[in-house]
Amino acid sequence: MEQKSWHRLGAEELQKMFGVHPGSGLSGEDAAQRLMENGHNELSEGKAISPLTLMLNQFKDFMVLVLMGATLVSGLLGEYLDAITIVAIIMLNGVLGFVQEFRAERSLRALKQLSAPSAKVLRDGKIEHIPAKMLVPGDIVQLESGDRIPADVRWLQCSALYAEESALTGESLPVSKHSEAIHAEEIPLGDQKNIGFMGTMVTRGTGRAIVIRTGMDTEMGKIADLILNTESQETPLQHRLEQLGKILIYVSLGLTIVVVAAGILHGQPVAAMFLAGVSLAVAAIPEGLPAIVTIALALGVQRMIKRKAIVRKLPSVETLGCASVICSDKTGTLTQNKMTVTRLWSAGRNLEVTGEGYTPIGHVLQKGKPIDLKNDQNLRRMLQIGALCSNAEIIETFPGEIRSKRKGKDKEKEKSGEAGKNVANPSVWELKGDPTEGALVTLSAKMGLTAQSLAVTYTRETEFPFDSERKLMSVVVNHPGGKMICTKGAPDVLLNCCSYMLWEGAVVPCTPTLRQKVLEANEEMASGALRVLGMAYREMRSGEVAGSEKEAECQLVFAGLAGMIDPPRREVRDAISITRRAGIKTVMITGDHGTTAEAIAHQLGILQRGGTVLTGSQLTRMDDDALDKVSDNVYVYARVSPEHKLRIVKSLQRHGHVVAMTGDGVNDAPAIKAADIGISMGVTGTDVTKEASSLILGDDNFSTIVAAIEEGRNIYENIRKFIRYLLASNVGEILTMFFAMMLGLPLPLVPIQILWVNLVTDGLPAMALGVDQAEKDLMEHKPRGSKENIFARRLGWKIISRGLLIGLCTLAAFWLTLRIDPGSPQQLIRAQSVAFATLVMAQLIHVFDCRSSRSVFHRNPFQNKYLVLAVLSSVLLMLVVMYLPVLQPVFKTVPLTFREWCLVLVTAGIPTFLMGAGSVWGGKKNRSRSGGRAMIKSTKISA
């Protein structure tokens, strides 16, 4: 179907164009034919990558390719053990990467299925419920409050219908819809009032519509196509590790050539030195690095999933640790997205309401004491009006497992509203309808006035829907004593319709003094960021007919005010406090009014002293230079559009910030795509937004972002830990051989021992570092720079210094043992066994030092149980080749004496404990100096 100006066409013209009768809809045959022509009504997931391709992609890494070459060389030289080890590590690396990326995509598909709606469609003259993906152009669909619009549709009939289109247009308030043709040639999406868009939600009323576009032809599909065709960029971590791998390979090969050449020049056999050189090169190349990086990322991602954060691509985790600004949406992320009545005003009294969300548990309090509804006619009438003048419902739902077991009496309890009170049968209360009306219905239910109990006495006769011009909604209800009009709406407008007021149970004239009291109460609530609704009623005279809004909404009795707000999530304030200590700025970006946004920001601790609030209108008047000058000091952006969000992100990035941006609507996708870390909502987010993001929040909760940042920081620090461990160990191995050759000593390690050291020390202990717990002060530091070198913060010095000491101490143990009888072949084997044990133990002791950024003395060595088990396993493997007679000839080892073990343990412990003691002493010295300076300063002040 070619693109048309659908908003300009009338209903009859549309039906003729699609060949459909409004009373019977399409036939099953026509629908099947059109499905074949147009395809399924769903958004594309992009180019599907086959599992085989996904698996092969894991082996494109430069270091992996070099390792494959090393495997071939080792095999040709007969070093089959080494070849098998390398192949095993390469395969493990590939499988882990494949499994994690496959899981991430599967998680996305599961989320997509959850958000896919069904549709109520007219086929062959009957209303059918079908999956939305089976809809075709020309289908007649019926929609009502709470339904998600399944495709782009043109409204044929509307009854007080409103649609929430923020996912597409960014407009936070529901938009009134109609079925009349609009004759303007080109109009924005937000003004196409006779069109319903795929993925948007009907919040009020009912309607019948004809499907005009499906799948990728919809407005949602257009944006999805733009985003899906954007190629992903390589992350800094991927680039750094690739560069690091290349450098290490070249350096290792260079040093190995020097060692081999030095050995030959000092008279060592050429064949033996060549074999030792190959073994040393393979041992020096950190072939475990890609695997361990993948494992650390994969396990970190699994921990994130448990904390409700789904990472789409493994390497993007690194960027989380760099985040310096979080731009967060307010509704649903910082707040609960559940309008809740918290204040009431009735007959001059200010009342508080307890309870949160749509769960009907709470009380109305006056001066901290619960009110008895039986003795308070004013409050009873207010609650009745709130419940009767509403189309919303709160529905108690149960987990499927529990629901399937409920029988007999349990079902009766569910109907009577008692089911949720049983701890053994937990329930969740959900809203169907408008959030504002849901807040009033929940308030009434908290005090026992449920829809079921009111239906016994009251039945609705007529409704005059809410109108944005008159700002009121009224219903006429029948009850045993006659008829009553219930009205709610904007307090100032409603007050003009009232001639009386309910005061202490009596109806009194609405005097100017009483009107002033109402307006003052309204102003006080509004200044506290509450959305305020007034409630009024009137008993109709016998025989009176209310045929219009004007006839109904007059001579009313004002009953009171209800103030409601979307309350902040409980855990968010603590999460924001953590981000502040971590040097991360939180910025609220919302479509809400400035007053409301500022109040919420104060409650959550977002708005700092001296910080400012910027509105969308002010932002529009600024150019980029003006925005750049103030953006660092702005903590709240209110009444902003999608274009504004993109400008805000770009401005913060120009200041050098690494920006995390949250969003749920398609209109957020450009900003999410532009941000360093795009974060989408797993519950309320659109499929397109999820595709544009690098992180998905499974619970739409801000505190989950903070948890993900903490995990991201810890994962990066763990990567640094095992890089530090692997490279210091490899430096120690190379320098042991290098110094021995320079000094003209025999080989301190034979090739098979070098390879065994590499297998024993580089495997399990390094992997255990990848799952190390975070240090206590992890979230007390400022974010690292996105361009920070991986060897920053003295990591390079720690690697070189520890590696040098490990090499020197190993060589010292070898020389001290060899000098007892330098010419004896048996003593050479014993000295090599001592060097072998010293090198292994030095590395295994050093691994505990790598857990802390300061020294081995700053952390409990037994905290990481996986590391303890890994070290014990490595020690056992070392002892096996030294004490098992069948393996001693293979590995050229002999059992050591008690004296030799004392030498091994002393020399192996020197690198870690010497440097650790120096760190502790240096720390105390610095603290002493700072304390002295503070004392001198204090003395000067007191003087």
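Side chains included, hydrogens not; waters and symmetry mates left out as well; all remaining heavy atoms used.
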Would Asp700 and Thr333 count as a side chain to side chain donor-acceptor pair (under 3.5 Å) if you check the C-alpha gap in whole Å, the side-chain angles of each, and the deciding distance to 0.1 Å?
CA-CA 5 Å; Asp700 292 9; Thr333 308; over 6 Å; no
Has [X] got a side-chain atom pairing as donor or acceptor with [Y]'s backbone, closer than 3.5 angstrom?
{"X": "Arg123", "Y": "Asp139", "value": "no"}
{"X": "Asn378", "Y": "Leu502", "value": "yes"}
{"X": "Arg460", "Y": "Leu388", "value": "yes"}
{"X": "Thr218", "Y": "Thr214", "value": "no"}
{"X": "Asn41", "Y": "Pro150", "value": "yes"}
{"X": "Asp124", "Y": "Lys126", "value": "no"}
{"X": "Thr450", "Y": "Ser453", "value": "yes"}
{"X": "Asp147", "Y": "Glu144", "value": "yes"}
{"X": "Thr359", "Y": "Ile361", "value": "no"}
{"X": "His479", "Y": "Gly481", "value": "yes"}

Measuring from [X]:[atom1] to [Y]:[atom2], what's the distance to the nearest 0.5 Å?
{"X": "Thr462", "Y": "Glu549", "atom1": "OG1", "atom2": "CD", "value": "11.0 Å"}
{"X": "Thr436", "Y": "Arg204", "atom1": "OG1", "atom2": "CZ", "value": "8.0 Å"}
{"X": "Leu495", "Y": "Leu561", "atom1": "CG", "atom2": "CG", "value": "8.5 Å"}
{"X": "Phe702", "Y": "Met588", "atom1": "CZ", "atom2": "CE", "value": "10.0 Å"}
{"X": "Asn522", "Y": "Leu494", "atom1": "CG", "atom2": "CG", "value": "10.5 Å"}
{"X": "Cys158", "Y": "Arg208", "atom1": "SG", "atom2": "CZ", "value": "12.0 Å"}

Return the minimal non-hydrogen interatomic distance between [X] and [Y], and the atom names on each side.
{"X": "Cys389", "Y": "Met473", "answer": "SG-O, 3.3 Å"}
{"X": "Ser474", "Y": "Thr487", "answer": "OG-OG1, 2.8 Å"}
{"X": "Ala546", "Y": "Val476", "answer": "CB-CG2, 4.4 Å"}
{"X": "Thr340", "Y": "Lys338", "answer": "OG1-O, 2.9 Å"}
{"X": "Ile385", "Y": "Ala536", "answer": "CD1-O, 3.5 Å"}
{"X": "Cys486", "Y": "Val477", "answer": "SG-CG2, 4.5 Å"}

Close side-chain approach of [X] to [Y], heavy-atom, < 4.5 Å:
{"X": "Tyr458", "Y": "Asn478", "answer": "no"}
{"X": "Pro370", "Y": "Val364", "answer": "no"}
{"X": "Pro568", "Y": "Ile600", "answer": "yes"}
{"X": "Val121", "Y": "His129", "answer": "no"}
{"X": "Val211", "Y": "Val136", "answer": "no"}
{"X": "Thr335", "Y": "Arg569", "answer": "no"}
{"X": "Glu430", "Y": "Glu396", "answer": "no"}
{"X": "Asp492", "Y": "Asn496", "answer": "no"}

Using a strict 4.0 Å threshold on nitrogen-to-oxygen distance, state whether [X] and [Y] make a salt bridge.
{"X": "Glu553", "Y": "Lys550", "result": "no"}
{"X": "Arg343", "Y": "Glu524", "result": "yes"}
{"X": "Glu544", "Y": "Arg538", "result": "yes"}

Please walk me through it: do Ile679 and Ser693 pass side-chain contact (heavy atoms from CB on, under 4.5 Å)?
CA-CA 5 Å; Ile679 304 173; Ser693 66; 5.8 Å; no
Distance to the ring centre below 6.0 angstrom and angle to the axis at most 45 degrees; does that hold for Arg381 and Tyr537?
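Relative to the ring axis of Tyr537, which defines the angle, Arg381 lies inside both limits.
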Candidates Val557, Val507, Val518 - the one meeting side chain to side chain contact (heavy atoms under 4.5 Å, CB included) with Met501:
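Per the side chain to side chain contact (heavy atoms under 4.5 Å, CB included) rule, the option paired with Met501 is Val518, out of Val557, Val507, Val518.
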Would you please test Ile212 and Ile195 for side-chain contact (heavy atoms from CB on, under 4.5 Å) and show each step?
CA-CA 9 Å; Ile212 55 175; Ile195 304 289; 4.0 Å; yes
More than 12 foreign heavy atoms under 6.0 Å from [atom1] of [X]: is that the case here?
{"X": "His178", "atom1": "NE2", "answer": "yes"}
{"X": "Lys308", "atom1": "NZ", "answer": "no"}
{"X": "Glu551", "atom1": "CD", "answer": "yes"}

Between [X] and [Y], is any side-chain donor less than 3.5 angstrom from a side-chain acceptor?
{"X": "Glu463", "Y": "Asn391", "answer": "yes"}
{"X": "Thr203", "Y": "Asp434", "answer": "no"}
{"X": "Glu571", "Y": "Asn701", "answer": "yes"}

What do the steps show when you test Lys120 against Glu128 for salt bridge (Lys or Arg N to Asp or Glu O under 4.0 Å), and what is the final call?
CA-CA 6 Å; Lys120 200 187 304 181; Glu128 299 178 8; over 6 Å; no
Given the rule in the salt bridge (Lys or Arg N to Asp or Glu O under 4.0 Å) test, do Glu180 and Lys193 qualify, once you have shown the distances and angles that lead to the verdict?
CA-CA 9 Å; Glu180 301 299 320; Lys193 300 294 182 69; over 6 Å; no
Applying side chain to side chain donor-acceptor pair (under 3.5 Å), name anything that partners Arg570, two or more places apart in sequence or on another chain.
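Per chain and number, Arg570 pairs via side chain to side chain donor-acceptor pair (under 3.5 Å) with Glu356.
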Using side-chain contact (heavy atoms from CB on, under 4.5 Å), reason through Leu383 and Leu440 one step at a time and then give a plain yes or no.
CA-CA 8 Å; Leu383 300 184; Leu440 295 175; over 6 Å; no
Run Asp372 and Arg380 through salt bridge (Lys or Arg N to Asp or Glu O under 4.0 Å) and show every step you take.
CA-CA 10 Å; Asp372 184 1; Arg380 173 176 284 275; over 6 Å; no
side-chain contact (heavy atoms from CB on, under 4.5 Å) evaluation trace for Met564 with Leu533
CA-CA 8 Å; Met564 63 189 69; Leu533 286 181; 4.1 Å; yes
Just jot down the ring pair (Phe, Tyr, Trp, His ring centres under 6.0 Å) partners of Phe464, sequence neighbours excluded, or say none.
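Listed in chain order: nothing, the list is empty.
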